[in-house]
Amino acid sequence: MSIEIKLPDGTVKKYTEPVSGYEIASDIGSNLARDAVCVEVNKEIFDTSYLISQSSDIRILTKKDLSSLKILRHSSAHLLAQAVLNLYPGTMYGVGPDIEDGFYYDFLFEKTISEDDLKEIEKEMHKLSKENQPFVKSYMSKKDASKLFQDQKFKKELIEAADSNEGVQGENVSVYSNNSFIDLCRGPHVPHTGFIKHFKLTRLGGAYWRGDESNPQLQRIYGTSWYSDKDLQQYLERRIEAEKRDHRKLGKELELFTTADELGPGQFLWKPNGALLRNIIENYSKSAHLNNGYKFVNTPHIGRSVLWETSGHLEHYEEGMYPPLNSKDNDDKYYLKPMNCPFHILIYKSDLRSYRELPLRLFELGSVYRFEKSGVLHGLLRARGFTQDDAHIFCTFDQINKEVNNLLRFSIALLNSFGFTQIEADLSTKPSKAIGESKDWEIATSSLENALEEQGIDFITAEGEGAFYGPKIDLHVKDAIGRRWQLSTIQIDFAQPTNFDLEYVSTENTKDKPVMIHRALLGSIERFTGILIEHYEGNFPYWLAPIQLKILTIGSVDEYVQKIASKLTNIRIEIDDRNIRLGEKIHDANKMRIPQVLIIGEKDLANNTGSLNRVDSDDINDDDIDSLISIIKESSKEPKFSF
RNA sequence: GCCGGAGUAGCUCAGUGGUAGAGCAACGCACUUGUAAUGCGUAGGUCAGGGGUUCAACUCCCCUCUCCGGCUCCA
């Protein structure tokens with residue numbers, strides 16, 4: 001017997017007996033043997049103890065490999081379950097995969113545990129970690145496994161459901177054991193529990209068994225796990241960073257928006273600073289649209305039920321709509337609009353349309369109301385009332401590709417203007433709950449795909465994630481700390497033109513059906529503002545800052561300050577002329593994240609000077625006031641929009 | 001909607017069966033201020049709302065509302 005093991009550097013090692021990854025690593029070097037997490041055999045990952053019996057290309061994975069981190073986290077989940085079962089015998093355990101930055105495990109405790117209990121569980125995990133218990137894989141029949149897990153109803157269910165993710169393959173299952181703890185598992189795992197050192201249990205939450213709302217709820221324990229303490233600490237710091245950026249907290253501190261119990265959940269009141277910010281965003285979007293082929297429309301907030309029956313919303317999304325308002329005159333019912341499209345369609349239908357008018361692009365900052373489930377509301381990011389930068393493009397079949405191409409460029413240019421430069425796309429295809437012809441779905445989907453390819457945008461396909469009336473492209477941005485947010489959406493719709501009998505007169509004088517494209521680029525203004533707040537941590541670029549400049553006075557300089565202010569046309573200014581110390585005025589301006597502060601004292605009045613402090617550059621002290629004014633004007637300009 | 005946690009002054013929080021507290025903010029007085037919080041004083045609360053237990057409830061129990069962490073959902 002001859003087994004040839006080929007290493008990544010091309011060297012070949014020969015063995016006469018089946019050999020484990022660990023043995024190969026040991027043959028290469030003792031350090032590698034110590035650090036080996038797993039072994040990749042012909043692109044598939046196995047435990048270091050796995051016996052390789054055929055000639056293969058292999059690679060030893062160490063702590064440095066990305067996939068090793070996933071393996072560590074999955075093993076951490078096992079350790080968590082082991083600790084939980086030690087401390088709370090009789091607990092039912094569900095599944096425990098690795099996730100981004102960590103892992104979780106779902107449990108059904110005999111008595112619900114609380115967040116405080118996590119400390120004790122963590123302590124137990126550390127204890128088990130120190131014991132360096134090896135993870136050992138074995139196989140057994142489904143029958144034997146059912147017997148082994150006879151007291152564990154969730155495990156039995158997984159065995160019966162033949163869940164390959166949980167190690168059930170055909171008639172056999174694989175299980176991993178370390179010490180007395182045994183779990184149904186496909187693996188692979190780190191060699192022993194000693195690899196799991198730098199972890200922390202982070203959260204406790206509820207989760208439906210197998211992610212199904214109709215199933216009972218379990219308690220899910222979340223944790224994070226790393227190969228070094230440094231990585232763990234960095235991760236924990238990142239979390240604190242993210243908390244600091246919370247738009248709900250900053251919204252309160254910077255006096256941007258507020259809420260009140262009397263309003264009802266998911267609705268917001270915009271205070272002067274927030275309304276300014278919002279208006280800046282809206283106006284920028286409006287002028288971008290106005291200058292690029294869109295026609296503005298305005299539509300009401302409620303519509304008769306027949307409209308929503310025709311559009312299909314009542315049939316498909318009634319639960320997400322506010323309950324109807326009854327008419328006092330007759331049996332009519334009115335619904336708050338969850339979308340603007342039916343109204344824009346009515347505008348399209350109000351005239352006989354010619355092919356010459358197409359593409360017809362109707363734009364509106366349209367406020368919509370969706371009765372989101374109470375538990376999903378999350379500040380501005382998920383509200384019940386919000387305003388979309390919404391447009392509907394009515395075009396011919398042949399125009400789709402060009403329109404989508406334009407839209408992608410337009411959208412990216414807009415997001416770039418606001419400081420989002422890393423953009424990725426999702427292409428969502430036909431869901432199970434869909435209306436319309438399959439052929440139309442195929443054409444629509446492929447035209448979106450073509451446009452993405454023509455624009456050279458990286459995208460992933462999200463199967464079955466499309467809207468009920470058509471496929472869509474979603475654009476995602478990465479923020480300053482790497483979080484991914486969905487913003488723009490571009491959706492093709494063959495269904496609504498049919499529902500509403502839309503038509504246009506073609507070159508051949510026939511009546512043809514137009515195609516509709518729904519698109520919102522910033523998405524919801526509320527949500528977009530929330531994301532901007534988190535992206536900039538409240539430190540907005542000059543053009544977005546609600547107050548761009550604060551003038552701080554020292555002594556009596558009123559007239560001089562008025563003269564300066566009148567020269568700063570179109571700059572959003574606040575003047576602080578309170579009779580208090582300069583240090584306190586600076587403190588207050590900084591607290592409100594005012595990006596530019598102009599200090600004017602009696603000395604400046606005499607010399608025609610001023611001092612300028614700016615967040616992103618050095619202070620300019622006692623400089624000529626006119627030169628300071630031009631610096632302020634120049635730096636406060638909004639970015640030019642072009643695409 | 002479901003599981004768990006929380007709600008005390010405008011804000012951030014302490015108090016856990018026995019007279020409701022602090023800092024900041026607000027207001028008043030003094031200080032007239034040149035680069036990250038001047039000092040003193042005053043006022044501010046149905047302890048989310050409702051019901052119950054108790055001699056006595058912010059505190060214990062029940063219901064409702066809102067918020068937070070998750071799950072599910074997101075046209």
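As a basis for the values below, the full set of heavy atoms in this structure was taken, side chains included, without hydrogen atoms, waters or symmetry mates. Throughout, protein chains are lettered first and strands after them, A, B, ... in sequence-line order, and every chain is numbered starting at 1. Keep in mind that what you see is a predicted model, and the values were worked out from it rather than measured.
Counting to the nearest Å, the P atom of B:rC24 and the CE atom of A:Met592 are 19 Å from each other. Protein atom CZ of A:Phe109 is 17 Å distant from nucleotide atom P of B:rC3, rounded to whole Å. Per the geometry, CG belonging to A:Asp604 stands 12 Å off C1' belonging to B:rU35, to the nearest Å. One interatomic measurement links the two molecules: CD1 of A:Ile586 to P of B:rU33, which rounds to 16 Å at whole-angstrom precision. Taking atom CG on A:Leu582 and atom P on B:rU33, their separation rounds to 12 Å, with Å as the unit. Look at CD on A:Gln267: it is 11 Å from P on B:rC67, rounded to the nearest Å. Atom P of nucleotide B:rA26 and atom CD of A:Glu255 are separated by 11 Å, given to the nearest angstrom.
Put simply, the side chain of A:Arg384 never gets that close to the backbone of A:Gln267: no donor and acceptor are under 3.5 Å apart. Panel note: side chain A:Lys200, backbone A:Ser225; no donor-acceptor pair is recorded below 3.5 Å.
Phosphate proximity of B:rU33 to A:Lys585: absent, as no side-chain N or O sits under 4.0 Å from OP1 or OP2.
A cation-pi geometry, defined here as NZ or CZ lying under 6.0 Å from the six-membered ring centre and within 45° of its normal, holds between A:Arg220 and A:Tyr104. Judged by the 6.0 Å and 45° rule, A:Lys337 forms a cation-pi pair with A:Phe343. A cation-pi arrangement is absent between A:Arg593 and A:Phe540 under the rule of less than 6.0 angstrom and at most 45 degrees off the ring axis.
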Going 5' to 3' through nucleotides 37-43 of chain B, assign each nucleotide B (protein heavy atom under 4.0 Å from a base atom), S (under 4.0 Å only from sugar-phosphate atoms) or - (no protein heavy atom that close). BB-----
Can you build the contact string for nucleotides 69-75 of chain B? Use B for base contact, S for sugar-phosphate-only contact, and - for no protein heavy atom under 4.0 Å. BBBBBBB
Quiz: residues 521-537 of chain A side-chain donor-acceptor pairs under 3.5 angstrom, not counting sequence neighbours:
from: A:Ser524; atom 1: OG; to: A:Glu526; atom 2: N; distance (Å): 3.3
from: A:Ser524; atom 1: OG; to: A:Arg527; atom 2: N; distance (Å): 2.9
from: A:Glu526; atom 1: OE1; to: A:Thr387; atom 2: N; distance (Å): 2.9
from: A:Glu526; atom 1: OE2; to: A:Arg278; atom 2: NH1; distance (Å): 2.9
from: A:Glu526; atom 1: OE2; to: A:Arg278; atom 2: NH2; distance (Å): 3.4
from: A:Arg527; atom 1: NE; to: A:Gln486; atom 2: O; distance (Å): 3.4
from: A:Arg527; atom 1: NH2; to: A:Gln486; atom 2: O; distance (Å): 2.6
from: A:Thr529; atom 1: OG1; to: A:Ile525; atom 2: O; distance (Å): 2.6
from: A:Glu534; atom 1: OE1; to: A:Arg483; atom 2: NH1; distance (Å): 2.9
from: A:Glu534; atom 1: OE1; to: A:Arg483; atom 2: NH2; distance (Å): 3.3
from: A:Glu534; atom 1: OE2; to: A:His247; atom 2: N; distance (Å): 2.8
from: A:Glu534; atom 1: OE2; to: A:His247; atom 2: ND1; distance (Å): 2.9
from: A:His535; atom 1: ND1; to: A:Ala480; atom 2: N; distance (Å): 2.9
from: A:His535; atom 1: NE2; to: A:Gly419; atom 2: O; distance (Å): 3.4
from: A:Tyr536; atom 1: OH; to: A:Phe418; atom 2: O; distance (Å): 2.7

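Ring centers of A:His316 and A:Tyr469: at least 6.0 Å apart, outside the cut-off.
If you run salt bridge (Lys or Arg N to Asp or Glu O under 4.0 Å) between A:Glu241 and each of A:Lys244, A:Arg238, A:Arg239, only A:Lys244 comes through. Of the residues A:Asp622, A:Asn613, A:Ile551, A:Asn621, the one that meets the side chain to side chain contact (heavy atoms under 4.5 Å, CB included) test with A:Ile599 is A:Asn613.
Relative ring orientation between A:Phe109 and A:Phe107 is described as tilted, the plane-to-plane angle lying within the 30° to 60° band.
Within 3.5 Å, no donor on the side chain of A:Asn621 pairs with an acceptor on the base of B:rG34, nor the reverse.
Taking atom C1' on both B:rC58 and B:rU54, the two are 15 Å apart, rounded to the nearest angstrom. Between B:rG23 and B:rU38, the two P atoms lie 16 Å apart (nearest whole Å). As rounded to the nearest Å, B:rC13 and B:rU8 have C1' atoms that lie 9 Å from one another.
When heavy atoms are screened at a 4.0 angstrom cut-off, A:Asp261 is found touching the sugar-phosphate backbone but no base atom. Within 4.0 Å of A:Asp577, counting heavy atoms only, lies no atom of the nucleic acid at all. Residue A:Lys603 is classed as a base contact, given a heavy-atom separation below 4.0 Å to a base. Base engagement by A:Ser611 is indicated by at least one non-hydrogen atom pair under 4.0 Å involving a base atom.
Applying the salt bridge (Lys or Arg N to Asp or Glu O under 4.0 Å) test to residues at least two apart or on different chains, the pairs with a partner in residues 467-476 of chain A are A:Lys472-A:Asp474.
Taking the side chain to side chain donor-acceptor pair (under 3.5 Å) definition, one finds that A:His587 meets it with nothing, sequence neighbours left out.
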Here RNA chain B, pairs taken as Watson-Crick or G-U under 3.5 Å and shown with ( ), [ ] when crossing and | when to another strand, reads (((((((..((((....[..)))).(((((.......))))).....(((((..]....))))))))))))....
